[in-house]
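Keep in mind that this is a model prediction, so the values were computed, not measured.
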Amino acid sequence: MSPDRLDDGLPDRESAAVRLRQELAIEAAGIGSFDWDLVTGRLVWDDRLLEIFGYDRAAFGDSLEAFAARLHPDDAARTLEALQRAIETCGEYEAEFRIVLPSGETRWVQGRGRALADERGTAVRLLGAGYDTTAQRHADVRVARVLEAMNAAFFALDREWRFTYVNAEAERVLGRPREELLGGVMWELYPAAPGSDFEENYRSAAATGEERVFEAHYPAPLDAWYEVRAWPGPDGLSVYFLDVTARRAAQDRAQSSAERLAVIAEVSAMTSETLTAGQGEEAALQRLAEAVVPVLGDWVIVSLAGEDGRMRDVAAWHREPAARPLVARYADLRLASIQADAPVLRALASGRTLTVDDVGATVGRTLPPGEVSDVFWALDPRSAVTLPLSARGRTLGALSIYRGAERPMADADDVAAAQEVASRVALAMDNARLYEQQRGLAEGLQRSLLTDPPAPDSAEIVVRYRPAVEVAEVGGDWYDAFLQPGGAAVLVIGDVVGHDTAAAAAMGQLRGLLRGIAYRAGIGPAQVLSDLDAAVEGLGIPTMATAAVARVEQTPEQRAAGLTSLRWSNAGHPPPLLLHPDGRVEELLADRPELMLGVDPTARRTESVVTFRRGATVLLYTDGLVEGRDLPLDDGIARLRSALAELGSLPLEEFCDAVIGRLRPSGPQDDIALVAIRLHPQGQRLRASGGRHRAAGGPVAGPGGSPTGTRAAAQRERGTAPGRGVGR
């Protein structure tokens, strides 16, 4: 190395610049340095270190004794031991200690150094530095006081996962005193922690250098939820725990409350929907069973009380699909095996809700040996709530809700929600039963106003009445078929405006008036409607209605030729349809549409006549068959014409049913009435079939309605029409 370089290989000026920068940095940091010659014992301090210890150079005397004299009595021994250990090991010296100045002031000093050895490995020199940490210590004390006062746990880990700080709350949360924790490795102290949310988030924060915030459950004995913040730093990981058990409980209560309310709403909607759709109580109760699981319980059984008071289980459900067959089987077996004082029977008898905290003791141990007991213990219920399905003082059934051992018993809120569900379901069931009763009464009234048709010569007359599936009120649709004194068959179809008891009453009046008016020899359909209009006006009947009247006529010449005529008049009603023997369908339309009844008593009524071969079928119907929310009238009539063409070969009874089924496969939205006549060739006798068809033969009406046969024959043929009559 050239003479103008120092041992470090740098030129003099560059080396001087490096030393200057180092000195400036040390001075700016407030660091003092020392050099202790272990051979001579001379200890040299720089000015900064002398200032920290409160010495001037003369008073210090370059001795270790001067250093020891300033040490706080509580820290002297361990500080000197740290120096001695560094000398003996030729290693590093590090200690933080307090010094006491002549003024009595106490300062904290951090000292660091390294022992240097000779060629024999003996320490001959110790170089180091020291700096004042009093301000930092005071800050740390203030922070420590704050951390100690916190109601949240806080601890710090170094990069080796050793605890370096633990506050009092952390001691409680971690379940160990800080003396045991400090210096201990976390994963050794808590071997169960690996794989947990805590470990995953701690290691992730340390690996990524990013703060992690999460909520996790701390197991027993604390059994608590904590919000945890883990943020990494240069020295390791700082962790903050905040107990959020109460908040989580409040959130859980709010969520449970929302879920219970949702179940109540769902049960109300789906029960009403199911019962209204006519799917029956058992279908509604099965949907109830599925709706309450798992919010109110793990599995349920729903029971229904019969008219005879006997109970049967009609629905069951389990939250686990694999267990549903077991619940269904238990529902099949339990009622034949339980004791007379079983909770479900007591709930039915008393009309009160019963809570059972140990179903095994109350029910399970009383079951006879065998399959029912085996299934019960396979389901292994712990607690149960049994609720009567009661409405308007009647108990219609029972709802049994079970919970397993891993789930707490139903609390007051759960029971209240279950009672609300049971109450709403029972009320919906009772409403549906009342609805069916009212519907039955309404249909009975409607049918009582409609009569069976007659059985004219070589002809069949079939009638049908179908009430709307969604309405329990009687309506204004009607049909009629009768023979005039001369033996002519008259067919009537009508529909009073409205759909209530007033419409039904008006229908009954109009039907009776029309019968009385039309039961005269020689009167035609147009005159019948005109006279009926006048009667409505004169008698002050406040109603309007559509109607079509048709009369079957035949002259001797037509009889000989196998022909028949139909004379009709239409007051605003959908047009009758004529199905010819060759399959053609004819819509019987007048030259112009005419007003409905009850609008203008002076309105002129007209008649139309159509002649056709025997074997034809005439159909009169109300608009419920061809019109609805899903079917415009013109489209409905077009569909009806197609149905007649396709179904016309069927016997008349089957034909009428098939027509209704084709046009209204889901049931009618409005009442449907229809009357159909099929004119068989003369001389063909209609043999009895199950007592429903009668022999025909006798009078034939001429154009004016006068008989061409004997009155006795006409009277002989009156009676029950083919088929079941009204409402088939």
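For the pair Val44 and Arg42, the minimum side-chain heavy-atom distance is below 4.5 Å. Contact annotation: the side chain of Tyr330 approaches that of Leu367 to within less than 4.5 Å [non-hydrogen atoms, C-beta and beyond]. Val109 is not listed as a side-chain neighbour of Tyr131, based on a closest heavy-atom distance of 4.5 Å or more. In this structure the side chain of His318 never reaches within 4.5 angstrom of the side chain of Pro294, judged on heavy atoms. Side-chain contact between Arg114 and Leu127: absent, with no pair of heavy atoms (C-beta onward) separated by less than 4.5 Å. Between Leu189 and Phe163, the closest side-chain pair of non-hydrogen atoms falls below 4.5 Å. Side chains of Leu261 and Ser257 form a contact here, defined as non-hydrogen atoms less than 4.5 Å apart. Put simply, the side chain of Leu64 reaches to within 4.5 Å of the side chain of Trp36, judged on heavy atoms.
Ring centers of Tyr226 and Phe241: under 6.0 Å apart, within the cut-off. With ring centers used as reference points, Phe53 lies under 6.0 Å from Phe67. A centroid separation of 6.0 Å or more is found between the aromatic rings of Phe34 and Trp45.
Rounding to the nearest 0.5 Å places CG of Leu288 at 10.0 Å from CD of Glu266. Interatomic distance, CD of Glu81 versus CZ of Arg85, reported as 7.0 Å (0.5 Å rounding).
No salt bridge links Arg112 with Glu92; every basic N to acidic carboxylate O contact stays at or beyond 4.0 Å. Ion pair Glu406/Arg382 not flagged as a salt bridge, since none of the NZ, NE, NH1 or NH2 atoms sits closer than 4.0 Å to an Asp/Glu carboxylate oxygen. Using a cutoff of 4.0 Å between basic side-chain nitrogens and carboxylate oxygens, Asp414 and Arg403 are scored as salt-bridged. Using a 4.0 Å cut-off between charged side-chain N and carboxylate O, Arg212 and Glu200 make no salt bridge.
Taking every heavy atom of both residues into account, Leu354 and Ala347 meet most closely at CD1-N, 3.7 Å. Residues Ala152 and Leu242 come closest through the heavy atom pair CB-CD1, 4.1 Å. Closest approach of Val372 and Arg334 over heavy atoms only: CG2-CA, 4.2 Å.
In terms of the side-chain hydrogen bond (donor to acceptor under 3.5 Å, both in side chains) criterion, residue partners of Asp35 (sequence neighbours excluded) are, by chain and number, Arg125.
Within a 6.0 Å radius of CZ in Arg248, other residues, nucleotides and ligands contribute more than 12 heavy atoms. The neighbour count for Arg352 CZ, taken as heavy atoms of other residues, nucleotides or ligands under 6.0 Å away, does not exceed 12. More than 12 non-hydrogen atoms from other residues, nucleotides or ligands lie less than 6.0 angstrom from CZ of Arg407.
In this structure, Arg287 is not positioned above the aromatic face of Trp317 in the sense of NZ or CZ being under 6.0 Å from the six-membered ring centre and within 45° of the axis. Figure legend: cation-pi geometry between Arg70 and Phe60 absent, as NZ or CZ is not positioned both under 6.0 Å from the six-membered ring centre and within 45° of its axis.
The closest side-chain donor-acceptor pair between Gln251 and Gln255, if any, does not fall under 3.5 angstrom. His217 and Asp223 form a side-chain donor-acceptor contact under 3.5 Å, judged by distance and modelled atom types alone. Side-chain polar atoms of Asp46 and Ser33 form a donor-acceptor pair below 3.5 angstrom.
Relative ring orientation between Phe154 and Tyr165 is described as tilted, the plane-to-plane angle lying within the 30° to 60° band.
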List the steps and the verdict of salt bridge (charged side-chain N to carboxylate O under 4.0 Å, His left out) for Asp118 and Arg120. CA-CA 5 Å; Asp118 59 13; Arg120 293 173 298 178; 3.3 Å; yes
Stepwise side-chain contact (heavy atoms from CB on, under 4.5 Å) check, Arg260 with Asp413: CA-CA 9 Å; Arg260 287 190 291 263; Asp413 291 334; 3.3 Å; yes
Test log, rule side-chain hydrogen bond (donor to acceptor under 3.5 Å, both in side chains), inputs Ser383 and Asp357: CA-CA 5 Å; Ser383 63; Asp357 57 1; over 6 Å; no
